[in-house]
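Each ligand, and each atom within it, is numbered from 1 in the order the structure gives. Note that this is a predicted model, so its numbers are computed, not measured. What you see below is based on every heavy atom in this structure, not just the backbone, and it leaves out hydrogens, waters and symmetry mates.
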Amino acid sequence: MAIEQRTTRQKEAIKAVLAEQEHPLLPDEILTLALRGVPSLGIATVYRTLKTLQEEGQVCCVEIPGQAPRYERADKGHHHHFHCRKCHAVFDLEKCVEGLKKLVPAGFRVTDHEITLHGLCKSCT
Ligand SMILES: [Zn+2]
Ligand SMILES: [Zn+2]
């Protein structure tokens, strides 16, 4: 198979994994799930493809302090994450917080925000 074709297949497999998962994934988790479609895939290719997809604006990096970076598709819309302190799973939260603008002093303008909630997930409580 031509290199270009192979690159496209690998990219599509990684995009398909991110499209079907409703929470951010570690590169290792992406690899495990994508191997079903492209058995020859390796971790170096996953990292390289994620970098390309990020540059193209198709994938976002989710950084939680003390955690390895996770990845999710960029078209999900505004949302936040919940990080389990025990099993370290990360979940998507659909809602946002009201009244954040009231936190800043007069004359300040909020352009964006990031919120991560930490605690115990349902399986760990
Ligand atoms: Zn948990
Ligand atoms: Zn928000």
Side-chain angles (χ1 to χ4, degrees):
M1 206 190 297
I3 290 171
E4 242 172 78
Q5 260 178 308
R6 198 169 63 206
T7 307
T8 306
R9 266 187 67 201
Q10 291 164 340
K11 201 169 165 183
E12 290 309 314
I14 289 169
K15 278 171 68 178
V17 165
L18 292 171
E20 72 193 15
Q21 298 296 315
E22 287 307 317
H23 61 101
L25 296 169
L26 294 163
D28 270 349
E29 295 172 322
I30 295 169
L31 176 64
T32 305
L33 292 166
L35 278 173
R36 289 181 307 199
V38 183
S40 60
L41 199 65
I43 192 70
T45 305
V46 172
Y47 277 107
R48 196 171 58 238
T49 308
L50 285 170
K51 192 169 172 276
T52 307
L53 288 167
Q54 245 187 302
E55 283 164 3
E56 292 173 358
Q58 299 199 63
V59 162
C60 287
C61 183
V62 177
E63 307 232 37
I64 293 170
Q67 290 287 299
R70 285 173 166 84
Y71 297 86
E72 66 183 4
R73 57 181 199 275
D75 62 0
K76 276 189 186 174
H78 185 79
H79 69 283
H80 298 291
H81 297 108
F82 182 99
H83 165 237
C84 176
R85 292 265 188 218
K86 197 168 169 190
C87 70
H88 297 293
V90 175
F91 303 86
D92 275 13
L93 302 173
E94 279 169 33
K95 290 178 188 154
C96 191
V97 185
E98 303 272 326
L100 282 175
K101 284 175 185 159
K102 290 181 204 151
L103 296 176
V104 298
F108 283 53
R109 192 163 64 93
V110 178
T111 54
D112 57 87
H113 63 260
E114 278 177 40
I115 298 170
T116 304
L117 302 183
H118 301 270
L120 295 175
C121 73
K122 206 174 173 183
S123 323
C124 292
T125 45

Q: With side-chain hydrogen bond (donor to acceptor under 3.5 Å, both in side chains) as the test, would you mind laying out the steps for H23 and E29 before giving the verdict?
A: CA-CA 11 Å; H23 61 101; E29 295 172 322; 5.5 Å; no
Q | H113 N/O/S atom closer than 2.8 Å to the Zn ion (ligand 2) | A |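 So H113 counts as coordinating the Zn ion (ligand 2), yes.
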Q) Considering all heavy atoms of both residues, which atom of L18 and which atom of E72 are nearest to each other, and what is their separation? A)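 Nearest pair, atom of L18 first, then E72: CD2-CA, 4.2 Å.
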Q. Minimum heavy-atom separation for P69 to E63, with atom names?
A.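 Of all heavy-atom pairs spanning P69 and E63, the closest is CG-OE1, 4.2 Å.
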Q) Looking at side-chain heavy atoms only, is the closest gap between C121 and C87 below 4.5 Å? A)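 Answer yes - side chains close enough.
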Q | Test item: T49 and I30 side chains (from C-beta on) under 4.5 Å apart, heavy atoms | A |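 Result no, sub-4.5 Å side-chain heavy-atom pair not found.
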Q) Can we say K15 and E56 salt-bridge, meaning some charged N sits less than 4.0 Å from an Asp/Glu carboxylate O? A)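 Not counted as a salt bridge, because no side-chain N and carboxylate O are separated by less than 4.0 Å.
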Q. What are the protein N, O or S atoms, given as residue plus atom name, that sit under 2.8 Å from the Zn ion (ligand 1)?
A.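 Per the 2.8 Å query on the Zn ion (ligand 1), atoms found are C84 SG, C87 SG, C121 SG, C124 SG.
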**Q.** Geometry at the Zn ion (ligand 2) - H78 NE2 versus H80 NE2 angle, rounded to 10 degrees
**A.**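 The two atoms subtend 110° at the Zn ion (ligand 2).
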Q) If you measure from OH on Y47 to CD1 on I14, what distance do you get to the nearest 0.5 Å? A)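 That separation rounds to 11.5 Å.
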